[in-house]
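Positions are given from 1, in the same order as the sequence printed here.
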Amino acid sequence: MLISFLYMNMYGGAKMKTKIAGFSIFIIFSLCIASQTLPPVKWARPLKDLGIVPQYMIEASGNRILCADTTKIVAVDVSTGEAVKTIEGFSRINSIKPAYNDGFVVADANKITRLDKDLNLLWSKTITGYENATLQSVIQTSDGGYLAMEGVGPTYAVSQVKIFKTDSECDTLWTRVKGGKVEEVMIYQGIGVAESDGVYIVCGVYCPGICKGYTGWVLGYSSEGVEIWSKMRVGYTLYDIEAADGGVVLTGFTESGMSPFQKRRISESLNKRNWFPSTEVCLFKVSPEGNLVLDSVYDLNHYCFGSTVRRAPQSFIIAGYSGVYFGEGDKNEIVMGVDLSGNILWKKEYPSDGVSKALASPFSDGGVVIVAAESLYFHQEKSSAEKSKDRHCSRKPFSIRGVIKNSVIFTVTDPSRVTVDLLNVNGRLVKRIEKVFSPGGDCMLSLGDCVSGIYLLQFRVNSEVVRTGRIIVGYSGFIDVK
C-alpha cells in the first residue's frame, strides 16, 4: 500500500503530496518545520554586469561558481561576486558536470570536452558524426570512462536518443538507440544521464506525432550496456536528473497527478488531451533497481514546473517557475528546498515579467547560488561579526531616494514587483504603473505624461503597501511622504 501526505496552508496555500512505502493517511501540515530556511543574501549582481545569462551552474575549487550559457563559461568568485575568468569558443554547451581531479566534463555540440580545475582545456573529442545530432548530457563514470546521451532527428523534433559508453580515452565501447526512425515526425527526447551504484540511469520524454502531453521514461543499464529495467510515467514531463544517495532524483511537471511508475509499452494511447493544462512540480527518486522510493508533487499555482534539481546536504534544491501561462496573473521564478522525504523546507519567489525559470546550485558550507530576476544571488549564513553589524545598521527593503520631475527614484534589496497608484486629491485612480525591478543601484519608474499638480501616491511591493504620500508632478521632491 502507499502512504500519502497532504500538506496544506503552507507557503501561500501550496499543496504537496508524497508517496512512500507504507499505508494511507492524511495530515495537515503546519509551519513548524520552516525553521530550516534559505540563508540570507550575501550579495547580488545583475547578470548584465557579469556578461552572461547562465543556463548551467556548478561549484568549482578556489571558492568559485561556474556559470555557463551555450557558448562560454564564466567563473565567479563567491566572496566578491566578481567574474574572475571567462572561457569562450564552445559550439553548444548542453551540460557541465564534475569530473575527476576537480575538473569538469562538458557536452559541447557533438563533442565531449574535458577541462581541468582551472578551466584549462585538456582535450575535446567528437564521438558522433550523425547529421542533426547534439550531445545533450555527459558524465564521467566510476570506471573512469564517460556516459553520454545524444539527440538525433530533423530540425523540428528529436526522434531518436543514442546512449554512448566510452572508455577513459573517449573511445566508444557500446551504443544503445531508443526511439523511432530519424525522419519520423515524433518526439523521443533525452533529458539526462546519471550513475548510481554502478547502474547507468537515463531519462527523457516521449510523444508520438503532434501530441498534447508527454510521457516520461527512465531506463537502467548495466556497465556492459544491458537494459536492466524500463519504466514510464504518463503525463510526466521531465526536465532534469541528478545522482543522489541510493538512486537518482528527477524533476519536471505532471499534468495528471501521481500516475503509476510502471513497465508499459509506448503507444498512441499515452497521449494527453489538454492543451496547456494546470500542472504541478514533480520530484521523484528512483533506486538503482528501478523502484520508486520517493514521489512528490507540489501544487504551487495554475502552471508550474521544476527545471533543475540539485542534491544538497540532507535536502534537494528545486528551481523553476510558478504562475499563469497566459494573460494577467502572478508570474514567479521559484527556488525551494525540500528535505529527503520531499517536505518543503523553504520557498523563494522572484517576480517575473513572463514564463521564465530560475536556476539554483548548492555551495559549500550551506551556501546557495541562485539565478533569478536577471540577477545572480549568493546566499550564505552570516558570520557572528556580520550579524552584530546588521543589528546596528539594518537596510530597508524599499527606500525612496527622491523624485525628478515625473520619475520616482528608489532602491530595492530583493527582486520586487513595484506598483505605483497615482490618485487625484479626491482619491480617484488616475494611473497605475507596475514593473519588476532587481536590486543593484537606483531604480527609476516614470509616471508618464500627467497634468502638473498635486497627486496622492501609493507604493506596493509584491502586493504589500509600503509607502504613501503626495507628489507634485512637474517639479522635484516629495511633500508629506509618510
Side-chain angles (χ1 to χ4, degrees), residues 2-20 25-34 36-38 191 203 213-214 216 233-242 244 248-261 276-286 292-312 314-325 329-352 355-360 362 368 370 372:
L2 297 173
I3 207 170
S4 299
F5 294 90
L6 176 61
Y7 296 114
M8 303 177 66
N9 300 326
M10 176 179 67
Y11 303 105
K15 298 178 182 178
M16 190 198 80
K17 292 168 278 188
T18 300
K19 293 183 181 179
I20 54 178
I25 64 172
F26 288 90
I27 62 175
I28 302 299
F29 184 82
S30 69
L31 291 172
C32 61
I33 70 165
Q36 299 187 52
T37 60
L38 176 67
I191 299 300
C203 72
Y214 288 121
R233 300 203 80 173
V234 177
Y236 272 65
T237 297
L238 305 179
Y239 283 150
D240 198 19
I241 182 172
E242 173 88 344
V248 297
V249 287
L250 304 98
T251 193
F253 69 81
T254 172
E255 52 191 89
S256 60
M258 287 182 171
S259 65
F261 187 63
F276 308 118
S278 60
T279 64
E280 300 169 314
V281 174
C282 66
L283 173 73
F284 61 98
K285 184 177 180 181
V286 181
L292 196 63
V293 293
L294 169 67
D295 194 13
S296 300
V297 295
Y298 308 91
D299 184 7
L300 306 178
N301 208 311
H302 177 76
Y303 177 75
C304 50
F305 60 84
S307 58
T308 61
V309 58
R310 292 293 177 266
R311 177 74 163 85
Q314 299 303 309
S315 65
F316 303 113
I317 298 176
I318 305 170
Y321 172 82
S322 172
V324 298
Y325 195 94
D330 291 338
K331 298 181 178 72
N332 295 300
E333 300 172 27
I334 59 164
V335 181
M336 61 183 187
V338 303
D339 66 20
L340 300 184
S341 297
N343 305 312
I344 296 178
L345 301 174
W346 52 264
K347 179 164 70 76
K348 180 72 173 175
E349 295 181 339
Y350 302 81
S352 171
V355 182
S356 56
K357 59 188 179 182
L359 183 65
V368 180
I370 294 174

>> For Lys347 and Leu300: C-alpha separation, side-chain torsions, deciding distance, then whether side chain to side chain contact (heavy atoms under 4.5 Å, CB included) applies.
In response: CA-CA 10 Å; Lys347 179 164 70 76; Leu300 306 178; 4.2 Å; yes
> Does Thr308 reach the side chain of Tyr239, with side-chain heavy atoms less than 4.5 Å apart?
Replying inline: no
> Once you round to the nearest 0.5 Å, how far does CG of Leu292 lie from NZ of Lys285?
Replying inline: 11.0 Å
> Would you say the side chain of Trp346 lies within less than 4.5 Å of the side chain of Val338, judging by non-hydrogen atoms?
Replying inline: no
>> Please determine whether ring pair (Phe, Tyr, Trp, His ring centres under 6.0 Å) holds for the pair Tyr214 and Tyr236, giving the CA-CA distance in whole Å, both sets of side-chain angles, and the decisive distance to 0.1 Å.
In response: CA-CA 6 Å; Tyr214 288 121; Tyr236 272 65; over 10 Å; no
> So do the side chains of Val335 and Ile318 get within less than 4.5 Å of each other, counting heavy atoms only?
Replying inline: no
> Are any of the side-chain heavy atoms of Tyr298 and Ile344 separated by less than 4.5 Å?
Replying inline: yes
>> Tell me the closest heavy-atom pair linking Glu333 and Ala372, and the distance in Å.
In response: OE1-CA, 3.1 Å
>> Just verifying a value: how many Å separate Arg310 CZ and Phe316 CZ, rounded to the nearest 0.5 Å?
In response: 12.5 Å
> What heavy-atom pair brings Ile317 and Ala312 nearest, and what distance separates the two atoms?
Replying inline: CD1-CB, 4.1 Å
> Where the side chain of Asp240 meets the backbone of Val309, is there a donor-acceptor pair that is under 3.5 Å apart?
Replying inline: yes
> Can you tell me how far the OH atom of Tyr321 sits from the NZ atom of Lys357, to the nearest 0.5 Å?
Replying inline: 13.5 Å
>> To check you understand the geometry: which heavy-atom pair defines the closest contact between Ser307 and Gly320, and what is its length?
In response: OG-CA, 3.7 Å
>> So for atom NZ, which belongs to Lys331, do other residues, nucleotides or ligands contribute more than 12 heavy atoms lying within a distance under 6.0 Å?
In response: yes
>> Could you report the tightest heavy-atom contact between Leu238 and Cys203, atom names first, then the distance?
In response: CD1-CB, 4.1 Å
>> Can you confirm whether Leu250 sits close enough to Val286 that some side-chain heavy atom of one is under 4.5 Å from a side-chain heavy atom of the other?
In response: yes
> Considering residues at least two apart in sequence or located in another chain, which fulfil the salt bridge (charged side-chain N to carboxylate O under 4.0 Å, His left out) criterion with Asp330?
Replying inline: none
>> Do Thr254 and Phe305 make a side-chain contact, defined as non-hydrogen atoms from C-beta onward lying under 4.5 Å apart?
In response: no
>> Could you check whether any side-chain heavy atom of Val281 comes within less than 4.5 Å of a side-chain heavy atom of Met336, counting everything from C-beta outward?
In response: yes
>> Has Thr251 got a side-chain atom pairing as donor or acceptor with Cys282's backbone, closer than 3.5 angstrom?
In response: yes
>> Could you walk me through whether Ile334 and Lys348 satisfy the side chain to side chain contact (heavy atoms under 4.5 Å, CB included) test, starting with their C-alpha distance in whole Å, then the side-chain angles of each, then the deciding distance to 0.1 Å, before giving a yes or no?
In response: CA-CA 6 Å; Ile334 59 164; Lys348 180 72 173 175; over 6 Å; no
>> side chain to side chain contact (heavy atoms under 4.5 Å, CB included) for Leu38 and Val368? Distances and angles first, verdict last.
In response: CA-CA 8 Å; Leu38 176 67; Val368 180; 4.1 Å; yes
>> Quick check: do Leu345 and Ser315 have side-chain heavy atoms less than 4.5 Å from each other?
In response: yes
>> Quick one: does any side-chain atom of Thr279 pair with a main-chain N or O of Glu255 as donor and acceptor, under 3.5 Å?
In response: no
>> Main chain of Ser341, side chain of Asp339: is a donor-acceptor contact present, judged purely on distance under 3.5 Å?
In response: yes
>> Under the rule for ring-ring contact (aromatic ring centres under 6.0 Å, His included), what residues qualify as partners of Tyr350, not counting sequence neighbours?
In response: Tyr377
